[in-house]
Amino acid sequence: MKSHLVFIPFSGISHLRSAVEMAKLLVDQDDRLSVTVIILPSRFGDETDSSAYVAALSVAPNDRLRYEIIPGGDQQNAEPTWIDIHIENQKQKVRRAVAKLDSSTLAGFIVDMFCTSMIDVANELGVPSYLFYTSNSGALALAFHVQKMYDEKKYDVGELDLDNSEDELVVPFLSRPYPVKCLPRLMLSKEWLPIFVNQSRRFREMKGILVNTVAELEPYVLESLSSGGLDTPPVYPVGPLVHLENQVDDSKDETKSEILKWLEEQPAKSVVFLCFGGLGSFNEEQVREIAVALERSGQRFLWSLRRPSPDVMKERPGEYTNLEEVLPEGFFDRTKERGKVIGWAPQVAILANQAIGGFVTHCGWNSMLESLWFGVPTAAWPLYAEQKFNAFEMVEELGLAVEIKRYWRGDILVGAADLVMAEEIERGIKQLMEEDSEVRKRVKEMSEKCHVALTDGGSSRIALQKFIEDVKKNII
Ligand SMILES: O=c1ccn([C@@H]2O[C@H](COP(=O)(O)OP(=O)(O)O[C@H]3O[C@H](CO)[C@@H](O)[C@H](O)[C@H]3O)[C@@H](O)[C@H]2O)c(=O)[nH]1
């Protein structure tokens with residue numbers, strides 16, 4: 001029997017790309033399955049970081065995988081709205097897009113964690129909803145755990161002293177206590193917590209949850225989720241879903257070619273790469289500390305440095321027109337033989353290059369998976385969202401990363417951030433680049449497991465097959 005799934009990702013590039021990889025896997029795995037990916041307009045009104053990617057998708061024809069692009073229309077140049085309101089505003093357009101599909105084969109909706117209000121549209125049509133979770137299963141379990149405690153009145157943000165708290169939470173699926181100050185900022189904000197908790201409640205309405213993780217990477221969390229303690233829908237670890245296409249040297253892109261050429265000239269595993277995701281940027285004081293650390297470390301480096309946005313909730317960080325203004329005087333002269341400062345990075349192609357020996361990252365989950373995929377060890381410097389949890393899991397629970405700063409406080413999206421001193425950064429970089437470290441060895445082993453997971457008979461393929469079988473069983 002033919003089945004059709006409607007997939008509604010969030011429009012941000014870090015959610016969209018893994019969702020598209022997920023959709024491709026689904027249709028590859030089962031030739032009776034087809035998927036329509038509905039691409040929502042960006043909340044920012046522009047489409048800067050995803051427009052080229054989306055344009056390329058729409059020209060790639062496939063009978064069983066289609067893209068329905070919903071234009072921004074009247075929202076162009078409007079004030080950006082909060083994510084939940086923005087998604088709510090798209091419901092009518094999604095109804096219209098779904099109405100064009102053959103309802104007799106409709107088997108369900110797969111929605112991103114930010115698009116849970118689309119469950120209402122699926123319910124109107126009488127089809128089940130599934131969640132596609134773009135981060136790890138630990139962050140998912142933490143969200144469920146905090147929601148459960150909140151609903152049972154055991155978690156009160158009013159009682160938490162955010163930045164100075166030495167309190168720790170005992171979280172069932174973690175092997176050690178979790179410091180309250182490492183909770184994502186949303187879980188510590190009176191204003192945001194109810195929205196966050198509501199999102200987790202809606203996760204529980206789903207028939208199943210696809211997670212961009214690997215069974216071998218997070219076994220304890222996945223066991224805990226499947227044992228029923230948190231009373232969640234079934235979880236399917238189907239990752240790592242990594243967008244690998246831009247790994248090749250695309251000669252049309254001169255900046256990328258130049259970066260890759262420079263890397264080819266460097267010795268194997270000699271370069272430390274620094275990159276902080278789509279929203280990562282630093283004030284001038286912090287930029288100087290990083291520059292000093294790079295100089296003192298003596299290490300070869302490739303540094304993706306972005307200009308901070310005046311209001312990151314409304315506008316993404318941009319590119320510097322003159323990097324010398326922000327870097328210490330003489331920095332370029334002193335480091336020109338061994339370092340390169342760039343803007344937006346072709347990250348996957350860089351991580352795939354033989355010259356990269358370590359990656360200083362903000363711990364966005366795609367970055368963590370990309371570095372694991374290429375066996376590159378990381379130094380954790382979390383900046384926003386759930387990244388402090390990711391850092392805790394990778395450094396403390398799994399021993400797969402070193403740290404730049406232990407228990408870093410703040411969140412750059414709400415304007416509060418500790419200054420990290422050059423000494424701390426230098427120490428982290430040196431530890432990261434150690435040749436025969438335990439972390440490097442563990443990363444290599446985990447990298448191999450990630451590759452095996454995606455082969456026939458591998459854990460992620462088995463989980464994907466189980467998901468497809470369950471989708472078919474759940475058709476009413
Ligand atoms: O200069 C850059 C910066 C980023 N990237 C790519 O952009 C993606 C960034 O994704 P990620 O590392 O996950 O970071 P964020 O963009 O910050 O991702 C958001 O979404 C993730 C998945 O839900 C969360 O884990 C993060 O905390 C959240 O901030 C990756 O594929 C990178 O390869 C580049 O190619 N060049």
Next item on the list: Provide the full list of ring-ring contact (aromatic ring centres under 6.0 Å, His included) pairs with a residue in residues 269-297, sequence neighbours left out, each pair given once.
Entry: Phe273-Phe359, Phe276-Phe282, Phe276-Trp381, Phe282-Trp381
Notebook entry, point to check: Is the side chain of Thr378 donor-acceptor paired with the backbone N or O of Ala380 at a distance under 3.5 Å, no angle test?
Noted result: no
Notebook entry, point to check: Are any of the side-chain nitrogens in Arg307 or Glu319 under 4.0 Å away from the carboxylate oxygens of its partner?
Noted result: no
Note to self: Quiz question: by atom type and distance under 3.5 Å, do the side chains of Ser297 and Glu426 form a donor-acceptor pair?
What the structure shows: no
Next item on the list: Please determine which of Val27, Asn62, Leu25 meets the side chain to side chain contact (heavy atoms under 4.5 Å, CB included) test together with Val35.
Entry: Val27
Check: Passes salt bridge (charged side-chain N to carboxylate O under 4.0 Å, His left out), Lys24 versus Glu21? Steps please.
Finding: CA-CA 5 Å; Lys24 285 182 190 164; Glu21 295 305 314; 3.4 Å; yes
Notebook entry, point to check: Taking NZ, NE, NH1 and NH2 as the nitrogens, is one of them in Lys441 or Glu438 under 4.0 Å from a carboxylate oxygen of the other?
Noted result: yes
Compile the donor-acceptor pairs under 3.5 Å between side chains in residues 325-333 and protein atoms, sequence neighbours left out, one pair per line.
none

Checklist line | Modelled atom types, side-chain donor and acceptor of Asn136 and Asn390, under 3.5 Å | finding: yes
Checklist line | Residues Arg296 and Glu423 bridged, charged N to O under 4.0 Å | finding: yes
Note to self: Do the side chains of Lys444 and Glu448 get close enough for a salt bridge, i.e. N-O under 4.0 angstrom?
What the structure shows: yes
Item checked: Glu295 and Arg334 ion-paired at < 4.0 Å -> yes
Item checked: Qualifying residue, where the test is side chain to side chain contact (heavy atoms under 4.5 Å, CB included) with Ser18 and the options are Ile13, Val242, Asn366 -> Asn366
Checklist line | ring pair (Phe, Tyr, Trp, His ring centres under 6.0 Å) evaluation trace for Tyr53 with His243 | finding: CA-CA 11 Å; Tyr53 173 71; His243 175 72; 5.4 Å; yes
Margin query: Ring-plane angle category for Phe392 and Phe389, please: parallel below 30°, perpendicular beyond 60°, tilted otherwise.
Written below: tilted
Margin query: Between Gln387 and Pro382 (side chain of the first, backbone of the second, donor and acceptor by atom type, cut-off under 3.5 Å), is there such a pair?
Written below: no
Margin query: Regarding Glu435 and Lys269, does a basic nitrogen lie under 4.0 Å from an acidic carboxylate oxygen?
Written below: no
